[in-house]
Enquirer: 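The structure's right below; bear with me while I get my questions together.
Per chain, numbering begins at 1; letters A, B, ... match sequence-line order. The structure displayed is predicted, hence computed values, not measured ones.
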2 protein chains.
Amino acid sequence: MSKIDNITFGAYIRKLREQAKLPLRKVAAELDIDTSTLSKIEKNERNANEQIIEGISRIFQIDKSELKVRYLSDKITYQLIHEENGLEILKVAEARIKYQKRVNRK
Amino acid sequence: MSKIDNITFGAYIRKLREQAKLPLRKVAAELDIDTSTLSKIEKNERNANEQIIEGISRIFQIDKSELKVRYLSDKITYQLIHEENGLEILKVAEARIKYQKRVNRK
DNA sequence: TTTTGCTTTGGCAAGTTTTGTCCAAAACTA
DNA sequence: TAGTTTTGGACAAAACTTGCCAAAGCAAAA
C-alpha cells in the first residue's frame, strides 16, 4: 500500500522535500530548473519530465520507477477523472497491454 | 468480449465504414471534416475528438460511450506501451479513480 | 516595525505540437 | 483506359507548453 496512497505526484514530491527540510530554491537548483517551475510542479500546475524525475530520484534516494508510476498514474487518473466509463477504459487498456506483452515475446 | 478485441480505434471506425460500403468522401462530408483528415484518423495518424465521435455514433448507430471507451483506451494503451510498469500504473490509476468515486458520492 | 528569506503568482515570449486545408500522386475499380 | 478513392506531404493558423522574470505574499527574526 505504498503507491496507492491517493496523494498526487506534486504533493508527494513536496512531502519529500519538506521531510528533508529543503527549500524550493535548493532543490530547484539541484534540478537545474527555476524555483517557480518547481513550485508549479509541486502544485500540479506544470508537468514534470524525465530529467526532473531522474533528479528527484537522485536527491531523495527514491526508486525512479516508483516515481514514474506515481507520475504517470496521476496523469492517467486526471485524464479519466471526468469520464463516465473511466474504470472500463482502464480495463480495456489493461487487456490490450497484456495482449501486447504476449505478442511481443512471440 | 466486444470492446476487448484488440483492434485500434481507427481500424474499428474504418471497419464500420467499409461494412456500410461508404467512401471516406461521404463520411467525411457528414462529419464536416476533410477527407484526408478522416483517412488519417482511420490510420491512427490524427486524433479524433468529441465532435467526430459524436458523428460516428450517429452515422453508424453505435453507442457513443462504446466509442469513447475505444478511443480513450487506445490513447492510454499507446501512452503506456513502452513503459516498464504499464500494468502497475493502470492499477494505481484504477485505485485512485475508485477512491474518487467513493469520495464524490459522500 | 522593518528586514530577510522562502514561496507563490501572473504573464510574456519563444518553442513545440496539433489542427485544418489543399493538392497531387498513388492505388484501386471497372 | 477513365473515373473514383485513398494517401501523404506541405503549409499556415491555432493551441498548448516551456523557461524565465518580476512582483506580491507570508512568516519569523531582529
Enquirer: Assess the residue pair Ile76(A) and Leu80(B) against the criterion (side chain to side chain contact (heavy atoms under 4.5 Å, CB included)); give the C-alpha distance rounded to whole Å, side-chain angles, the decisive distance to 0.1 Å, and a yes or no.
Expert: CA-CA 10 Å; Ile76(A) 287 173; Leu80(B) 297 182; 3.6 Å; yes
Enquirer: Walk along nucleotides 3-21 of chain D from 5' to 3' and tag each nucleotide B, S or - by protein heavy-atom contact under 4.0 Å, base first, then sugar-phosphate.
Expert: --SSBBB--------BBBB
Enquirer: Starting at CG of Asn44(A) and ending at P of dT8(C), how long is that distance when rounded to a whole Å?
Expert: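 After rounding, the gap between these two atoms is 12 Å.
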Enquirer: What pairs of residues pass the salt bridge (Lys or Arg N to Asp or Glu O under 4.0 Å) test when at least one of them lies in residues 49-62 of chain B, not counting sequence neighbours?
Expert: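 Every salt bridge (Lys or Arg N to Asp or Glu O under 4.0 Å) pair that includes a residue of residues 49-62 of chain B, provided the two are not neighbours, is Glu30(B)-Arg58(B), Glu50(B)-Lys64(B), Glu50(B)-Lys68(B), Glu54(B)-Lys64(B).
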Enquirer: Not counting sequence neighbours, list each pair that qualifies as a side-chain hydrogen bond (donor to acceptor under 3.5 Å, both in side chains) and has a residue in residues 15-27 of chain B.
Expert: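 Residue pairs passing side-chain hydrogen bond (donor to acceptor under 3.5 Å, both in side chains), neighbours aside: Arg17(B)-Glu42(B).
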Enquirer: Evaluate the side-chain proximity of Arg70(A) to Val92(B): yes if any heavy-atom separation is below 4.5 Å, no if none is.
Expert: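 Contact flag for Val92(B)/Arg70(A) side chains = no.
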Enquirer: Do Ile62(A) and Tyr12(A) make a side-chain contact, defined as non-hydrogen atoms from C-beta onward lying under 4.5 Å apart?
Expert: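 They are in side-chain contact.
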Enquirer: Return each pair, listed once, that meets side-chain hydrogen bond (donor to acceptor under 3.5 Å, both in side chains) where at least one residue sits in residues 75-87 of chain B; pairs must be two or more places apart or across chains.
Expert: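 Every pair satisfying side-chain hydrogen bond (donor to acceptor under 3.5 Å, both in side chains) with a residue in residues 75-87 of chain B: Gln79(A)-Gln79(B).
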Enquirer: In whole angstrom, give the distance that lies between atom OH of Tyr78(B) and atom C1' of dT18(C).
Expert: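 Rounded to the whole Å, the gap is 14 Å.
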Enquirer: Restricting both atoms to N or O, compile the protein contacts to nucleotides 23-30 of chain D shorter than 3.5 Å, with distance only.
Expert:
none

Enquirer: Pairs under 3.5 angstrom only: tabulate donor-acceptor contacts from the side chains of residues 31-39 of chain A to other protein residues two or more places apart or in another chain.
Expert:
{"from": "Asp34(A)", "atom 1": "OD2", "to": "Ser36(A)", "atom 2": "N", "distance (Å)": "2.9"}
{"from": "Asp34(A)", "atom 1": "OD2", "to": "Ser36(A)", "atom 2": "OG", "distance (Å)": "3.0"}

Enquirer: Got a second to check how far Ile53(A)'s CD1 is from Leu72(A)'s CG, nearest 0.5 Å?
Expert: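 Answer for the CD1-CG pair, Ile53(A) versus Leu72(A), is 6.5 Å.
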